[in-house]
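Here the structure is a predicted model, which means the values were calculated and not measured.
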Amino acid sequence: SDEYDVACYALSQAMMPGHRDTLRQLVKSGPVHDGDIISKSHRDDLLQWGLAGRAHVNGEQGYTVANYRGVNVNTASEQMA
């Protein structure tokens, strides 16, 4: 919906560049292991904001992935660039 798109765009504008970079990493390279994440503090914020989730990959814990909302916010962020 248009309201959802506007909300994704507003959130992408409100995020600090480090949040956008971390979200972009999750979208483009996910799932991302904790040891490879750009910023654990920004990852934690993305989790709290409901833009990412934790994942179990190939028998290992410690991965983070962007969820659908995170992908949409990242798309909005890229469109404003």
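Linking Ile, Leu, Val, Met, Phe, Trp and Tyr residues whenever their side-chain heavy atoms come within less than 4.5 Å places M15 and V32 in a single cluster. No chain of hydrophobic side-chain contacts below 4.5 Å, direct or via other Ile, Leu, Val, Met, Phe, Trp or Tyr residues, connects I38 to L51. Both V27 and I37 belong to a common hydrophobic cluster when Ile, Leu, Val, Met, Phe, Trp and Tyr are linked at side-chain heavy-atom distances under 4.5 angstrom.
With rounding to the nearest 0.5 Å, the separation of CG in D45 from OG in S39 is 8.0 Å. In this structure, the separation between CD on Q48 and CZ on R43 is 12.5 Å, given to the nearest 0.5 Å. Rounded to the nearest 0.5 Å, atoms SG (C8) and CD (E3) are 12.0 Å apart.
Contact record, A66 with V71: CB-CG2, 4.3 Å, taken as the closest heavy-atom pair. Between R69 and W49, the shortest heavy-atom distance links the atoms NH1-O, 4.2 Å. The two residues A52 and L26 have their closest heavy-atom pair at CB-CD1, 3.9 Å.
Between the R20 side chain and the N74 main chain, no donor and acceptor come within less than 3.5 Å of each other. Formation of a donor-acceptor pair under 3.5 Å by the Q13 side chain with backbone atoms of S77 is not found in this model.
The stretch residues 46-66 participates, sequence neighbours left out, in these salt bridge (Lys or Arg N to Asp or Glu O under 4.0 Å) pairs: D34-R54.
Annotation for Y68: atom OH does not count as buried by contact number, only 12 or fewer foreign heavy atoms lying within 6.0 Å.
Screening V73, T22, N67, T64 for a side-chain contact (heavy atoms from CB on, under 4.5 Å) with L46, the sole residue that qualifies is T22.
Residues L23 and H19 are not in side-chain contact: their nearest non-hydrogen atoms beyond the backbone lie 4.5 Å or more apart.
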